[in-house]
Asks: 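Handing you a structure now.
Order of appearance sets the numbers: ligands from 1, and atoms from 1 within every ligand. The chain is numbered in sequence order, starting from 1. The structure displayed is predicted, hence computed values, not measured ones.
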Amino acid sequence: MDTAELAGKHLVLGLTGGIACYKIAELTRLLTKAGATVQIVMTDAATQFITPVTMQALSGRPVYTSQWDARIANNMPHIDLSREADAIVIAPASTDFLAKLAHGRCDDLLSTLCIARDCPLLVVPAMNRQMWQNSATQRNVAQLRGDGVEVLGPDSGAQACGEVGDGRMLEPSATFEAICAFFQPKILRGRRVLITAGPTFEPLDPVRGITNRSSGKMGFSLARAAAQAGGDVHLIAGPVALETPWGVYREDVQTARQMYDAVMHATPDTDIFIAVAAVADWRVDHVSEHKIKKTAGQPLPSFNFVENPDILASVAKLPNPPYCVGFAAESGDLDVHGEDKRVRKNVPLLIGNLGPLTFGRDDNEVVLFEASGKTRLPRADKKLLARTLIGEIAKRAPRVGGDSLLS
Ligand code: C5P
């Protein structure tokens, strides 16, 4: 099986005139690395900012710029180029091009392609903040949204013209994320998902502490997949070196007690709680105010440990709990420990994996434990596995005002 995220997807990527064209080189790389085939089409203005040669080299396909291009056998590039496409993405989408789209004008190859399409259209606006705010542009964008065009961004911040405000094109990585999300079925639309991820850090003194080898990758991948599935995602993360997934609200904490407080605060607004964090079981009862010194001849330091709250079990015990999903990282005998843990934590679904075979890795192999039995999922890349798991969770979690699809 091809595990690339966009494997089998064919995109027409249309560039219009704007300095943000430089971002499309990187976007094209991200799309092709993820398995998509990319057909570049450029307006004349776009070729002033980046050359067709660059775009051809990066996409690995000839670039089209003219509706009179005779390379297409029937001489109808405006029809043929989009017929195989899963979507047309216009990035950057200039003010003028948005206006053309909104009015159905077609006086060049790219605008004609858009009006002759039989696939979804996504636009990624990029322009000066005044051009974006101009009421004509806002009218055109509202019209495009009403016509079912997906508008990605724009971002806010410093602009090439030196001004600051709304209108920047989304960064290539954010555009890529938004395109990936577009293709995902919205199975969590309207549902609020709370996820804990990463390790916790329990201080011993101001510079030292106890933590564990959880990288946070599984929890972050689940947060990304849940957001791509249309969920409203709140991610509570211990100390990790990972970027916040696109569209996810993130809250950082250090200790188990901070994570507990943050989770308890968020739970009333949660439909599904997925506890992925590797929470420290213990903390020292007294954190030294100053760095503990190594002094010759002095006894070695010793610590008294006290138990941390069990966040998942506490949430599952609430009178009206969200649908709770636990994780278990075991070092062996997963089949026995997984089901034991599910029952002990009193959760409907527990996802078990073997710690040494997942910590820090990009792939994972898990078993689902539930009252009706267990299901083993094959080893897969954590991003794709997360998508599968979100599908399994969405099927089981009761819908607001209704039952789960499995009950
Ligand atoms: O007991 P154990 O740590 O193996 O249980 C793992 C599951 O419980 C995970 O879902 C983890 O996020 C959650 N957990 C928790 N609070 C703790 C310990 C574990 O939420 N203090």
Side-chain angles (χ1 to χ4, degrees), residues 193-203 209-223 225-226 233-240 242 250-267 270 272-285 305-318 321-359 364 366-370 374 377 382 385-386 389-390 392-393 396-397:
V193 184
L194 178 66
I195 299 177
T196 63
T200 61
F201 179 89
E202 309 297 330
I210 298 172
T211 185
N212 61 63
R213 295 177 58 203
S214 165
S215 63
K217 280 182 186 163
M218 193 70 235
F220 274 59
S221 296
L222 279 165
V233 184
H234 180 169
L235 173 65
I236 299 178
V240 292
L242 295 174
R250 171 175 176 178
E251 191 178 348
D252 284 326
V253 296
Q254 294 277 319
T255 67
R257 280 190 301 175
Q258 287 168 354
M259 189 174 273
Y260 173 88
D261 289 343
V263 166
M264 286 304 171
H265 190 252
T267 303
T270 298
I272 300 171
F273 175 47
I274 313 175
V276 197
V279 184
D281 289 320
W282 313 283
R283 65 179 183 277
V284 292
D285 65 351
F305 287 95
V306 289
E307 209 168 309
N308 273 327
D310 188 314
I311 303 168
L312 176 60
S314 309
V315 173
K317 238 189 273 160
L318 290 171
Y323 180 79
C324 288
V325 182
F327 265 74
E330 300 297 335
S331 55
D333 225 350
L334 181 59
D335 285 359
V336 176
H337 296 311
E339 182 55 13
D340 274 4
K341 192 159 287 183
R342 186 190 74 77
V343 172
R344 204 157 13 92
K345 305 249 176 188
N346 190 27
V347 294
L349 180 63
L350 186 122
I351 298 164
N353 53 188
L354 290 170
L357 298 182
T358 175
F359 282 166
N364 197 4
V366 303
V367 181
L368 309 187
F369 296 92
E370 54 197 323
K374 59 175 192 276
L377 300 184
K382 281 183 180 173
L385 181 63
L389 288 175
I390 287 298
E392 298 294 333
I393 293 167
R396 289 165 171 81

Asks: Among protein heavy atoms, which lies nearest atom 10 (O) of ligand 1, and at what distance?
Replies: Ala275 O, 2.6 Å
Asks: Taking all heavy atoms of Trp282 and all of Glu202, pick out the closest pair and write down the distance.
Replies: O-CG, 3.6 Å
Asks: Examine distances only and state if a side-chain atom of Thr270 and a backbone atom of Val193 form a donor-acceptor pair shorter than 3.5 Å.
Replies: no
Asks: For Asn212 and Pro199, indicate whether the former's side chain and the latter's backbone hold a donor-acceptor pair under 3.5 Å.
Replies: no
Asks: Name the closest protein heavy atom to atom 4 (O) of ligand 1, giving the residue it belongs to and the distance to 0.1 Å.
Replies: Lys341 NZ, 2.2 Å
Asks: For atom 13 (C) of ligand 1, what is the nearest protein heavy atom, given as residue, atom name and distance?
Replies: Leu312 CB, 3.9 Å
Asks: Val325 to ligand 1: N or O pair under 3.5 Å?
Replies: no
Asks: Could you tell me the residue and atom name of the protein heavy atom closest to atom 16 (N) of ligand 1, and the distance to it rounded to 0.1 Å?
Replies: Ile311 N, 2.9 Å
Asks: Could you pull out all residues at least two apart from Asp252 that satisfy side chain to side chain donor-acceptor pair (under 3.5 Å)?
Replies: Arg250
Asks: So, does Ala277 sit close enough to ligand 1 that a heavy atom of it is under 4.0 Å from the ligand?
Replies: yes
Asks: Which residue owns the protein heavy atom closest to atom 21 (N) of ligand 1, what's the atom, and how far is it?
Replies: Pro309 O, 2.8 Å
Asks: State, yes or no, whether a side-chain contact exists between Pro321 and Phe273 at a heavy-atom distance under 4.5 Å.
Replies: no
Asks: May I have all residue pairs that pass side-chain hydrogen bond (donor to acceptor under 3.5 Å, both in side chains) and include part of residues 343-356, sequence neighbours excluded?
Replies: Asp310-Lys345, Asn353-Asn364
Asks: Closest non-hydrogen protein atom to atom 17 (C) of ligand 1, residue and atom name please, with distance?
Replies: Val279 CB, 3.5 Å
Asks: Measure the distances from the heavy atoms of Asn308 to every atom of ligand 1 and state whether one is below 4.0 angstrom.
Replies: no
Asks: Decide yes or no on side-chain contact (heavy atoms from CB on, under 4.5 Å) for Val253 and Thr196, but give the supporting numbers first.
Replies: CA-CA 10 Å; Val253 296; Thr196 63; over 6 Å; no
Asks: Determine whether Thr255 and Arg283 make a side-chain contact, defined as any pair of heavy atoms from C-beta on separated by less than 4.5 Å.
Replies: no
Asks: What atoms in ligand 1 come closer than 4.0 Å to a heavy atom of Gly326?
Replies: 10 (O)
Asks: Is the shortest N/O to N/O distance between Phe327 and ligand 1 below 3.5 Å?
Replies: yes
Asks: Just need the protein heavy atom nearest to atom 1 (O) of ligand 1, so name the residue and atom and give the distance.
Replies: Lys345 NZ, 3.0 Å
